[in-house]
Q: 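Please see the structure below; I have some questions.
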Amino acid sequence: MMDPRWQSLLHEVRAAHALPALSSFAALPEDLPFRAVSPYLSPGAAGMCSDPGLAAGRFAGFHDALIAAAPLALWRETYKNSGASAEFLDRFACYEVIGRDAPFACEALRGFVIYFPAGLHYPWHHHPAEELYLILAGEAEFAVEGETPRVLRGNDTMYHASNVPHAMTTHDQPVMAYVLWRGDMTTKPVWTDPDALP
Ligand code: ZN
């Protein structure tokens, strides 16, 4: 029996995937078999669930469903033991919604929620998966190698090509985003060697 909080979240995920920017990135399969995960809250999870800066907007329902399901989720610590700063590890938050090991099983793509509080820098990193960010709430400055950094807000999307280094910074606002991966989804992100950047 699926917890109704997961049910609500799946409804919101399907609604978001109906947006052209998402549906053109990857089709969401009809069948997303559910299996409960062992809940685990990372240090940053509480921050996302109580941040007043994630003002309700177009994605208020998605935002609320992600927070409602938070106690049931397996929050990820992707960058543990990666050399990330203690501040980053304490404040960054992420859990997987759809994917091979996620509550909604999917082989074709992975979908995560990520959260950064105000005033946090996500250093330059890259990964073979192609990636699409959909900003749900708040705002952040996105930097991609070879491009002028730009600030994205609710409903904006950002595409990252395979292995192209990118970075993100929150200033006076936090950010919550829904992030999709396609392609090589098993290779973890790595920090980009600063000497490799222009
Ligand atoms: Zn990325």
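Remember, it's 1-based here, ligands and their atoms both numbered in the order they're listed.
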Q: Which residues pass the side chain to side chain contact (heavy atoms under 4.5 Å, CB included) test with Ala161, sequence neighbours left out?
A: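 Testing Ala161 for side chain to side chain contact (heavy atoms under 4.5 Å, CB included), a comparison that skips the adjacent residues, returns Tyr159, Val164.
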Q: Specify whether Tyr122 and His125 have parallel, tilted or perpendicular ring planes, treating 30° as the upper limit for parallel and 60° as the lower limit for perpendicular.
A: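 Plane angle under 30°, so parallel.
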Q: With 2.8 Å as the threshold, which protein atoms of type N, O or S lie near the Zn ion (ligand 1)? Leave waters out.
A: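 As for protein N, O or S atoms lying under 2.8 Å from the Zn ion (ligand 1), they are His127 NE2, Glu131 OE1, Glu131 OE2, His166 NE2.
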Q: Is the backbone of Met185 close enough, under 3.5 Å, to the side chain of Arg110 for a donor and an acceptor to pair up by distance?
A: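 Looks like yes, one N/O pair under 3.5 Å.
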Q: Tell me whether the rings of Trp191 and Phe88 are parallel (<30°), tilted (30 to 60°) or perpendicular (>60°).
A: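 Ring orientation, 0 to 90° scale: perpendicular.
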Q: In chain order, what residues pass the side chain to side chain contact (heavy atoms under 4.5 Å, CB included) check against Leu152, with sequence neighbours excluded?
A: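 Side chain to side chain contact (heavy atoms under 4.5 Å, CB included) list for Leu152, sorted by chain: Ile135, Phe142, Arg150, Asp156, Met158.
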Q: Sequence neighbours excluded, which residues qualify as side-chain hydrogen bond (donor to acceptor under 3.5 Å, both in side chains) partners of Arg100?
A: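 Arg100: no side-chain hydrogen bond (donor to acceptor under 3.5 Å, both in side chains) contacts found.
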